Amino acid sequence: MKFHHKQITFAREYRGYSQSQLASKIQGLSQPNLSKYEKGFDSLSEELVLRILDYLGFPKKWLHQSVSNISENAHYRKRATLTKRDKTTIEYGNRLVGYIVDQMSDSIDWPDFQHVPMDLEKGHTPKSVARYARKVLGLINGQPVTDICSLLESKGIVVVEIDAHEKFDGVSFVSDGGVPVIIINKNFDNDRKRRTLAHEYGHILMHCFFPVPVHRNESVREKETEEFTSEFLMPEEHIKKMLVGLKLKDLGELKRYWLTSMASIVRRARDLECISQDTYTYFYIELSRGGKRKNEGIDVYIDEPSLFKEAYKLHRDSLGYSDDDLSRAFSLPKDVITKYLNPPRLRIIRN
């Protein structure tokens, strides 16, 4: 029987095995033969393929699926210190989230995507895209982006929070089924999560729907998205007058209003030429001296994403699916369903 050989690679990479490591676990399997199979050569028997799949904990039907959901926009912190294995596991996990979104589409309708993606090759700029985005979301008169998750989801972007590696911030992509998806790490401060959401939103509007020209490499795209993020969260027309003559003591109040980090506000002030480079350096020294580069001491509000959770609840409560049923229906291991759809809740133990 012909299987999608790439599905074995997917399952192996998601579980964190190299070809040699997996071959050492399966009797009768060698690394060279596994390598040939993953490249599309029929060098393994069906019985051996199924034993590999069983060891990796994936059901047989997984071999008949086809999953892409590849994104070039993954956002990592200190990427150079992230191991290849951890990075691979994160990226395959993100692709599984996109696959689950598409599988759910068979039973539910996600909100329509209510944006017109804007190609920077046709004269748009990150700043003009950010202004357009604020208009679409109904943000007027320079108001801060308060309920950012609800706003994005109301316009057809599925936002998913996951418990992820500490060096992963977020990723954005359009799923194989055409659904815009943003995945963020739930384990960070709210101001950082908000900036990550805005950053990935920029990628969706400027990069995810268009072929990427060679001259706009990753570094260029990241610069474009940072310009979008700053204008989206702190529009120049409305924040600039607040940043002229900026004092250190002003940062806390500005953070509470704009719901962005103090560090972001200081960078915005420099970029808008409201402060000198020397003043910018002074602010960063003072923030570092007070330990506020790691913990600014002020937590800002963020709402929670709901579409992905509601879709799971609908499958469970209205359509009568158990996690075992979803595992079979989506051709996924139950632990994947549990991890992304029904993670265990922490229980508070009181003495």
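Fair warning: this is a prediction, and the values are worked out from it, not measured in the lab. The residues of the chain are indexed from 1 along the displayed sequence. Keep in mind that the numbers below use all heavy atoms, side chains included, and drop hydrogens, waters and symmetry copies.
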So, is the end of the Arg15 side chain (NZ or CZ) under 6.0 Å from the ring centre of Tyr17 and within 45° of the ring's axis? no
Do [X] and [Y] have side chains that get closer than 4.5 Å, going by heavy atoms?
X: Lys155; Y: Pro111; value: no
X: Tyr282; Y: Ile275; value: no
X: His199; Y: Glu222; value: yes
X: Val160; Y: Ile184; value: no
X: Arg12; Y: Leu34; value: yes
X: Leu233; Y: Trp258; value: no
X: Ser68; Y: Asp176; value: yes
X: Arg216; Y: Glu121; value: yes

Shortest non-hydrogen contact from [X] toward [Y]:
X: Asp119; Y: Phe210; answer: N-CZ, 3.4 Å
X: Cys274; Y: Leu243; answer: CB-O, 3.5 Å
X: Met262; Y: Ile298; answer: CE-CD1, 3.6 Å
X: Leu259; Y: Thr146; answer: CD1-CA, 3.9 Å
X: Tyr14; Y: Thr89; answer: O-CG2, 3.6 Å
X: Glu200; Y: Val171; answer: OE1-C, 3.5 Å

Under 3.5 Å, is there a donor-acceptor pair linking the side chains of [X] and [Y]?
X: Asp169; Y: Asn185; answer: no
X: Gln31; Y: Ser20; answer: no
X: Arg267; Y: Ser264; answer: yes
X: Gln7; Y: His64; answer: no
X: Asp335; Y: Thr338; answer: no

Centroid-centroid distance, [X] to [Y], less than 6.0 Å:
X: Phe10; Y: His5; result: no
X: Phe188; Y: Phe168; result: no
X: Tyr312; Y: Tyr321; result: no
X: Tyr284; Y: Tyr280; result: yes

Atom pair [atom1]/[atom2] of [X] and [Y] - distance to nearest 0.5 Å:
X: Asn217; Y: Lys223; atom1: CG; atom2: NZ; result: 12.0 Å
X: Ser230; Y: Arg268; atom1: OG; atom2: CZ; result: 5.0 Å
X: Leu152; Y: Ile182; atom1: CG; atom2: CD1; result: 5.5 Å
X: Asp278; Y: Arg270; atom1: CG; atom2: CZ; result: 12.5 Å

Apply side chain to side chain donor-acceptor pair (under 3.5 Å) to residues Ser105 and Asp102 and explain how you reach the verdict. CA-CA 5 Å; Ser105 298; Asp102 285 342; 4.5 Å; no
Between [X] and [Y], does at least one N-O distance fall below 4.0 Å, as a salt bridge requires?
X: Arg289; Y: Glu286; result: yes
X: Glu227; Y: Lys127; result: no
X: Glu13; Y: Arg85; result: no

Please walk me through it: do His315 and Glu310 pass side chain to side chain donor-acceptor pair (under 3.5 Å)? CA-CA 9 Å; His315 278 80; Glu310 288 298 318; over 6 Å; no
Partner of Phe308 under side chain to side chain contact (heavy atoms under 4.5 Å, CB included), chosen from Leu341, Val159, Val181: Leu341
Which of Asp147, Leu151, Asn190 passes side chain to side chain contact (heavy atoms under 4.5 Å, CB included) with Asp303? Answer is Asp147
Given the rule in the salt bridge (charged side-chain N to carboxylate O under 4.0 Å, His left out) test, do Glu91 and Arg95 qualify, once you have shown the distances and angles that lead to the verdict? CA-CA 6 Å; Glu91 291 180 351; Arg95 291 167 66 182; over 6 Å; no
Taking everything shown except Gln277 itself, do over 12 heavy atoms lie less than 6.0 Å from its CD? yes
Can you check salt bridge (charged side-chain N to carboxylate O under 4.0 Å, His left out) on Arg134 and Glu231, steps first, answer last? CA-CA 9 Å; Arg134 288 180 61 87; Glu231 180 65 20; over 6 Å; no
Going through the distances and angles, do Lys186 and Asp163 end up as a salt bridge (charged side-chain N to carboxylate O under 4.0 Å, His left out)? CA-CA 6 Å; Lys186 70 179 184 180; Asp163 184 3; 5.1 Å; no
